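For clarity, every value in this text was computed on a predicted model and none was experimentally measured. Numbers here simply count residues along the sequence, with the first being 1.
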Amino acid sequence: MHPEAPSNPPTLSSSPSETRKEARKFRRVPVAFTSLFSADGPEWSGTAINLSREGCAIRSTTPVQKGDYLHLLIFPGPNQTPIEVGVARVRWAANEQCGVEFITLAPRDATRLQDLLTIIGA
């Protein structure tokens, strides 16, 4: 018989309405980076928050729905080229925020994202 595994405390979700208790693969880091996003149309502005290697939350007054696919630009600082996410899937949306999962990220942008997260302490 195997001894019982110790229970782990539930992980906090970045979504106010998400109740699943699952461990994240990568730690999310609180940030406030200007972002632009679109869904086959005009671009909207927002602020990328809770950034990780695989996704982020975005604060914006532009409504999106769970399951939408977005093109996303994240501006890490003034005079810096944005990190481009070719395809990001909306995983949740509530209270002028949404969480997106990065689906398509060019190798160059993935490296820049990882370097940025290393610099800011992830």
Could you note down all residue pairs passing side-chain hydrogen bond (donor to acceptor under 3.5 Å, both in side chains) where residues 31-43 supplies at least one of them, sequence neighbours left out?
-> none
Just jot down the side chain to side chain contact (heavy atoms under 4.5 Å, CB included) partners of [X], sequence neighbours excluded, or say none.
X	answer
S45	L36
E96	T61
E101	R91, I103

How far apart are the C-alpha atoms of W92 and Q97, what are their side-chain angles, what is the distance that settles it, and do they pass the side-chain contact (heavy atoms from CB on, under 4.5 Å) test?
-> CA-CA 8 Å; W92 60 266; Q97 290 188 24; 3.9 Å; yes
Heavy atoms only: give me the nearest P76-P82 pair and the separation to one decimal.
-> CD-CA, 4.3 Å
L117 to S52 - nearest heavy-atom pair and separation = CD1-C, 3.6 Å
Are C56 and V100 side-chain neighbours, meaning at least one heavy-atom pair lies under 4.5 Å?
-> yes
Check against side-chain contact (heavy atoms from CB on, under 4.5 Å), L113 and L51 | CA-CA 9 Å; L113 176 60; L51 185 64; 3.8 Å; yes
Look at the side-chain heavy atoms of Ile, Leu, Val, Met, Phe, Trp and Tyr, link any pair under 4.5 Å apart, and say whether [X] and [Y] land in one connected group.
X	Y	value
V90	F102	yes
V29	L105	yes
I120	I83	yes

To the nearest 0.5 Å, tell me how far T81 OG1 sits from D109 CG.
-> 9.0 Å
Summary of ring pair (Phe, Tyr, Trp, His ring centres under 6.0 Å) pairs that have at least one residue in residues 29-65, sequence neighbours excluded = F37-W44
Does a salt bridge link D115 with R112, judged by any charged N lying under 4.0 Å from a carboxylate O?
-> no
Anything under 3.5 Å between a donor and an acceptor, one on a side chain of residues 65-74, the other on a protein residue two or more places apart or in another chain? List them.
from: D68; atom 1: OD2; to: Q65; atom 2: N; distance (Å): 2.9
from: H71; atom 1: NE2; to: E84; atom 2: OE2; distance (Å): 2.7

